[in-house]
Amino acid sequence: MSARPRPGDPVITPALVAEHGITEEEYQRLVAMLDREPTFTELGIVSALWSEHCSYKHSRPVLRTLPTQAPWVLQGPGENAGVIALGDGLAIAFKIESHNHPSAVEPYQGAATGAGGILRDVFTMGARPIAMLDSLRFGSLDSPRVRYLFGGVVKGIGDYGNCVGIPTVAGEVVFDPSYEGNPLVNAMCVGVMHERDLIRAAAEGVGNPIMAVGARTGRDGIHGASFASEDLSEASEAKRPRVQVGDPFTEKLLLEASLELIRSGHIVAIQDMGAAGLTSSSAEMAARGDVGVTIDVTKVPVREEGMTPYEILLSESQERMLVVAKRGHEAAVREILGKWDLAAEVIGEVIAEPVYRVTEGERVVAEFPGSRLVTDCPVYAPEARESEAVRALRARDVHAIPARPEERDPAWTLERLLSSPTIASKRWVYRQYDTTVRTGTVVAPGQGDAAVLRVRGTDRAIAVKTDCNGRYVYLDPREGGRIAVAEAARNVACVGGRPRAITNCLNFGNPRRPEVFFQFREAVAGMGEACRVLETPVTGGNVSFYNENPSGAVYPTPVIGMVGVVERLEHVTRSTFRADGDAIVLLGEPTDELGGSEYLARIHDVVAGAPPRCDLARERAVIDALLEAIAAGIVRSAHDCAEGGLAVALAECAIGDAERLVGAEVELDAWRDLPLRALLFGEAQGRIVVGTADPARVLEIAARHGVPARRIGTVRGDSGTLVITAGEGRLVAPLERLARAYHEAIPRLMAGGSAEAAVLEQHPQPAAI
Amino acid sequence: MSRFRVSIHIVPRKGILDPQGKTVADALHTLGFRDVADARIGRHIVLDVAAADAAAAGAAVREMCDRLLANPVTEDYEIAGVEGL
Amino acid sequence: MSRFRVSIHIVPRKGILDPQGKTVADALHTLGFRDVADARIGRHIVLDVAAADAAAAGAAVREMCDRLLANPVTEDYEIAGVEGL
Amino acid sequence: MKFGIVTFPGSNCDYDAYHAVTDVLGADAVYLWHKAHDLEGADVVVLPGGFSYGDYLRAGAIARFSPIMREVAAHARRGGPVIGICNGFQILCEAGLLPGALLRNANLQFVSEPVRLRVENAETMFTHQYRAGQLLRLPVAHGEGRFTGDAETLDRLEGDGRVVFRYVDAAGEPTADASPNGSARNIAGIVSAEGNVLGMMPHPERAVEAVLGSTDGLGLFQSMLARVSA
Ligand SMILES: Nc1ncnc2c1ncn2[C@@H]1O[C@H](COP(=O)(O)OP(=O)(O)O)[C@@H](O)[C@H]1O
Ligand SMILES: [Mg+2]
């Protein structure tokens, strides 16, 4: 049997091949594999499977260099999600995914379906999702279009997660002109499971039926996968009607049904029909199991009449699963789905013959030899060369930049930084997210550097956070890659968690441009170095290339999703100062570094200089020291120094809780020789502000770990001010003013957005949530 | 200038999933309304606008739909009626 | 039995605050559509029903509105059109 | 004493309510499937939060027709306690077991945060463990929580002391800013005329353990336990 063109199929022309994003060589490779011309259906299948999104053809060799092993890793890269052991026979499944391009075209649905997809990746492993995180990047909020995108994305993530009933508990939002026109929308999901329920997505057992489960298949998002592999352009504008619509209600039913199905023992494998829908899910399952499959598209439940095999195979309709059931258990599978008002149809079978075959009734419309469809896809090693311009920026002496007159009062500078949307409170965002459903959230957004979720039936908890400073990565990809991992680890440690593993979402530009591929290669190298030193292996991730707009590529943004384990609930630590009279200790030390800082960007509109150096051994020591102090029960609060440096970190400790402002008196004379603005606002790495009643012991522990540490001040609960002195330098700021700057910045910017708010009302979504 | 009441229908574009419509159709079936084949749910907007004449009112509202009221990616709209006040 | 397309308007009852309508009116003003005095936003539901005749279709749909589609406490509805298919 | 917690398609706080009454309060509980036709001997019925049927059309509009709701209504008519939380409150209003309706939040956004409540009536079977005027801190998480009713409905509720919880500010005053959703008269929870059906938007089941930041919701479940076991 071999595939024949269907009546009415367009003839394969070079133009048609090009339209499918398939290069001349790739087409020759395909012809060689088939040893004949492909049918239109086969062309569609290959264009999806060989798209960057599915094939990782530009990234795989580089990703292979990442560390993926540790005794606690139960499932590394390659499955729908990574899994690590939590102890007591429990495990954590987690994964991050990008939905950048769909969100740029239709922010609400793009973000919502992104959340839906990552949820499915986690529960198809057999894990019950317990939390979501979202890592977002936008242009400047001064632009109405950006406000529209920001508002729509946040509402989309919220409406979806809220409806399914999974709390969204952490993330970041960064605003920078480089993301204008190409926002980054990365969603992460974390789930908990019994190790024994771990299930993989490998087709097995000749004769086992393949079943389509969940929503019907419509003409949604056809070629979304290759869509995600192109620069944003008029072309993608034309793709608009392909945007998928999410149905969180069906997702919730599918979640419950899938977990019941996995525990029932009636199935051998389950996989989300995500990007490139039925095609990639079935082909990947076959390749993983190293078996053949045959699928009859006429058996697939469809939403619209007259759908062609091409459309059915490539549809990206949401809330669908592909299941390999045990032969003879079909009825049992249907019964479980039926309980949740969902359908399950047998659409194919696992076969011994090593082929990937698609039929339309009797007619074979696509047939590929063995699993070569997935394994033989092209791999590229593009040229990598650093951009001269960036090298020049990095070399620039930023200390030569004259201070603005207003800076004579450092309180002015601090206020401006606190009101920078990147630093300011993100409450406007997470107030729209149900953060407490499932009653597991111990540290909610805004309360700590990472979120903490308890694990029922144990005294343990899970700490999670996403982080990445794209500006650092832009100025120095390797250092920036290291820092992304280090900051995420620091944040997790600040709430009392031992960093255990990461997932990552690599958002870059067009890999065929040497300067972009250089950024990619170097950033991944830096990530790998940090993961080795911090013992946080990579268990999975996602690559999103072609994040470009007419004005060029976005900042290279390798977002790190860090997962840590809190051994005992009593170790859980928050970021704001607690008790009057507590000592303030700084772990790590300031430097004269100013390059790549939020200070330069916000106050001087300058993006230049070398980003802060990241000493990985030091980062590890700081985390070990902090965790030992926390375990000793002597840490009342911990907050890492990130954007805005030490002064902003101290301010956040004082005003982070809008209902409980806590003053502080800080004295930094020990570093009086450093330039004041570097001391206050420089972003030297490896620093944590600790509140403690027992500074001596904290210092002793730090010393034992070789971490420079010093008492820098005292919590003055009711003083109502933050005072920082350093030699001649003196910063005195009333907490009310700082709090207003920090807590009201984003609401004020969005209030002007009633027009955008109204636009959001367009979406035919549940008004209620 | 005189005043007009312009009413607009905004509906999910054909072929685009309408979870709300589907759920409502299913609910109507369970309630025993077996003869309902399909339900689509959109928005009904009534605007009170001042314009030179009905044609001008319609034209203005069409522009409002294009720029704000309808989502060009997922929705179609139609002006259902323009009546003088 | 023949098939009919019945379209329904469901609108917030007069006197009930309609923040959505207000936001849309404000937004239209922001966009420069100054001649909009007022906006009300409701639902537009289109059902595809089988019935003996148009009258029967309308009657069936009215019952659906009373039982499910409209909330008697806060909403009014009207059958905007019944057309044969 | 046994709690019956109803699971509708799209309920997502059923599990939280179950955990609160069993693991925390040590009471018995059963999940009641929406298609079921009996309450399995439950003394108190809980309609939990979530998005029954996705909240499509209107929150609670479709769930109210579930088979189990017939039993719930009968239980209520017999004077049996029924508590609807968030989506459960919306379902009770749609089902006519409570007056009024819950509309889209005034700011058109989903609101998730801890709010302050004032106990307006500490005599009910759901609140007698609280003091009248006591201030509680409970989380809300909803997009359609703006309680509405015509003037005489509201006056009757007030007059009969059926307004059980009100949104208030730190000073205990029901100011406009204190309400997360623009509810009429800052109403957060009400009871039926017979006093055995309570609906509230805030989530007491999310505030029963110190580790979650508040235990102010405990009193509600303890009130029911005390009254029903007695
Ligand atoms: N998009 C978001 N969704 C949920 N929580 C968020 C989001 N953005 C920021 N947060 C929360 O706000 C707080 C501050 O975030 P961030 O500035 O990234 O902290 P840090 O500077 O310590 O990394 C954290 O609790 C974070 O989880
Ligand atoms: Mg930060």
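So you know, we letter chains A, B, ... as the sequences are listed, proteins then strands, and number each from 1.
Considering only heavy-atom pairs separated by less than 4.5 Å from chain C, the leading option among Glu63(B), Arg34(B), Arg5(B) is Glu63(B). In terms of heavy-atom pairs under 4.5 angstrom with chain C, the leader among Val6(B), Ile8(B), Val24(B), Leu47(B) is Leu47(B).
When the shell of 6.0 Å around CZ of Arg3(C) is examined, it contains 12 or fewer heavy atoms from other residues, nucleotides or ligands.
Annotation: the span from Asp35(B) atom CG to Met1(C) atom CE amounts to 4.0 Å, rounded to 0.5 Å. Between Arg67(B) atom CZ and Leu28(C) atom CG the span is 9.5 Å, to the nearest 0.5 Å.
By the 30° and 60° cut-offs, the orientation of the rings of His9(B) relative to His44(C) is parallel.
Of the atoms belonging to Ala60(C), it is backbone heavy atoms, and not side-chain ones, that fall under 4.5 Å from chain B. In this structure, the portion of Val11(B) lying under 4.5 Å from any heavy atom of chain C is its side chain and not its backbone. The contact between Ala39(B) and chain C is made by backbone and side chain atoms together, counting heavy-atom distances below 4.5 Å. Residue Ile10(C): no heavy atom, backbone or side chain, is found under 4.5 Å from chain B.
Using a 4.5 Å cut-off on side-chain heavy atoms (C-beta onward), Leu31(C) and Leu68(B) make contact.
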